[in-house]
Every structure is written in C-alpha cells, then in structure tokens.
J.: 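Sharing a structure below in structure tokens format, with a few things to ask.
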Amino acid sequence: MANGVWHTGYGIEINLSLPDLGHPGRPDLLREITARVAERDPQLLECLAHHDGRECLSEAGGKSPWMFIRRGRVGGRRPLVASHLPITHKATPAESEQHKATKERIVDTASRYGLGAEAEVPTANRRSISDALVTGPGGKRIGWEIQYHHFSASSVHRRSVNAVQHDITPLWVAKDRTASLIDRAPWARVDDMPWKDIAGGKEMVIRGGYRHLQVWKCVPSSNRHCLLSGGAGHCGGVHSDWFVPALCEPEKKAVHLEDLVLESATGESVPVYVPNRGSGRAGRHMWVPSTDCKRWRELIGEKEPLPDAPVHEDDDEITFAEQEIDRTCRAGE
C-alpha cells in the first residue's frame, strides 16, 4: 500500500500519512483527491515510481499507473492509501450513458410533477454532489445518488451522513444486486438496461429497496411463518414485517422510478432504518409508504421516530501516522 501519490493537476507530491497531506495551504485537497473517479480526471493521481521514471509494477503488469485513494487497514489503524486504478474502476462508456440518462430522467420527471429539480448540486461544504436534487412542495430535499459502478460501503455511509447534515435525504440508485450501498443508506435498485431505453421512457420498476408493511395473526392457517420460533409452529400472536410488493398478500402494485421521485419529495414515501432483530446496530434501510411507517410505530410502541442508522462506523476514522513517503511502487501487495 502506497502512502504517497503525485497530483498531476497541481504538480505536487502528496503525503497521505500527514493530516494536511503535506500541503497546509490546500484545505480542500483531501476532498479533491477522494472524489469519485467518475467525477474527475482518471489521470489526476499518478504512481510516484512511474512519475520518477522508475518501474511501476502495475504498468509493467499491463495495468494502470494511475491511482485512487481509499482507506487501508493496518492492525487497528485506518490510514489513507493510494491504490492503482483497476481497468474496471472507472465507469465504462455504457455505464456513463446509463448514469446520465437516469439522472436526466429523474430531473425531467420531477419537473413534470412541478417539483424543484437540479442536476449536479454540491452540498454547502462541497464534500459531496447530488446527481439530482429534487425539492418537494414542503421544502423536503431528496439527493439522488446514481451508482452503477463500484463504490465502497464506507464512502456510501460518509456521503449519506454529509447529506443528512445539510438537510438532504439521500436516495441511492443501484442496478446490481450485490452493490455495497444496499441496506447501508436509503436505496432503490432498478434493472440494468441500455441507456437508450432509460432515455426513451421504458418502464423502470423499483426491484429492491421499497417495502410494504404486512401484519398477520400467527396461526396454522396463515401463509406466513412465525417470527419467534424460527418458522417452526405458530405462537398465536400478531407479527409484522416488511416485504417487497410482489411478496405482499395480496400482491401490491409495483413501484416505478417516477413514483419514487414524486412520493419521496412529497413525503408519501419515507426512508426508515430498521434494526435487525436481536441487534441494535446492524439493520436495513428501506423506503416505505408513510402510512405503513406510522402504523408500524404504533404496533411496536414507538412514540418517537425509528432509530437512525449509526452516525459512525468503525472504519470512518482516518489515522495519520506522519511518516516519510515511500516512493516504491507497491502494486500487488
């Protein structure tokens, strides 16, 4: 893992082990170098060995001498490290077109409904940028984040917390069932489809991230299993849980992207964080009808809003060891 990198834009060497990165006169430098690769020049950060004309192991292996910044793990520390950019890290042209088409569709939909809508809106501290910011009639702001390629879980959490601190409700969009953002912030999953279909108005169903409340009596005639006995037997009590529309009884109407654009901004659909049973920490984020949310709180005796997601994760804290820069290429380690 490299603790240094060359900034091709400023022509400076960056020491990732120092709190000021070795440049106290550039307070925005950390934000700039940790920006999403899709939002910056992929050749912004260069391997120091490559820059110095020495062997870059990554380039020698047929890969990239260009780099991105992530959190490493060394014992109990979480230092910033520079890693070589994989070929697949930057969004492909097809993904970029999908991203653009989805963003434009969200903004166009919001405008059609008479909602405020802008694209590429930064937060006040400029630490994150909403792909689309939709404002409802009551001033509620939804910051749509479209992630069709790799993005770390810690980055999802950090950007979501930053949005909430600026009175923006984040809404992450994925197309991959295994995307790291799933359940880590308010989210929605859509189908992977060509950008021309997205731009052309083809139906975009929310496949995951939106649920309805189901309440049932735990008796032998119920089609639902007992939540207390692990599925064995029936306790005779009343259970409640959240299900995607297709698994509701009776089946609920599918939610489309346009529905969520409108209902998230008007408050008809709201994000909730539901802790897993037996754990006050791990849980799931989801969008739900506001009426279902209210009913669930009444059922479980919640007088106050449901618990928020943890505002701090174990891997959030950056550790600065204040070391000399190691200019050796560490690709593959």
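Quantities reported herein were computed from a predicted structural model and do not represent experimental measurements.
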J.: Any donor-acceptor pair under 3.5 Å linking the side chain of D191 with the backbone of M193?
T.: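 No, the answer is negative, given that no donor and acceptor are paired below the 3.5 Å cut-off.
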J.: What distance do H51 atom NE2 and M67 atom CE have between them, rounded to the nearest 0.5 Å?
T.: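 Answer for the NE2-CE pair, H51 versus M67, is 13.5 Å.
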J.: Once rounded to the nearest 0.5 Å, what's the spacing between atom CG of L80 and atom CG of L21?
T.: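 Answer rounded to 0.5 Å: 7.0 Å.
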J.: To the nearest 0.5 Å, tell me how far D292 CG sits from K252 NZ.
T.: 6.5 Å
J.: In Å, rounded to the nearest 0.5 Å, how long is the span from SG of C47 to CZ of R327?
T.: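 So the gap between those two atoms works out to 12.0 Å.
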J.: Measure the spacing between CG of L115 and OG1 of T266 and express it to the nearest 0.5 Å.
T.: 7.5 Å
J.: For the ring pair W296 and W242, is the centre-to-centre distance below 6.0 Å?
T.: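 Distance test on ring centres: under 6.0 Å, yes.
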J.: Counting N and O atoms only, with roles assigned by atom type, does the side chain of D259 sit under 3.5 Å from a partner on the main chain of H256, one being a donor and the other an acceptor?
T.: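 Yes, the answer is positive, given that a donor and an acceptor are paired below the 3.5 Å cut-off.
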J.: Quick check: does any side chain N or O of S290 sit under 3.5 Å from a backbone N or O of V270, one acting as donor and the other as acceptor?
T.: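 Pair absent, no side-chain N/O of S290 close to backbone of V270.
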J.: Does Y273 use its side chain to pair, donor to acceptor, with the backbone of G283 at less than 3.5 Å?
T.: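 Confirmed, Y273 side chain pairs with G283 backbone.
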J.: Measure from the side-chain N and O atoms of D326 to the backbone N and O of G4, and report whether any donor-acceptor pair falls under 3.5 Å.
T.: no
J.: Atom CH2 in W144, atom CG in L171: separation rounded to 0.5 Å?
T.: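 Reported value, rounded in 0.5 Å steps: 4.5 Å.
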J.: For the residue pair R141 and T135, confirm or rule out a side-chain donor-acceptor distance under 3.5 Å.
T.: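 Their side chains do not contain a donor-acceptor pair, so the 3.5 Å distance test is not met.
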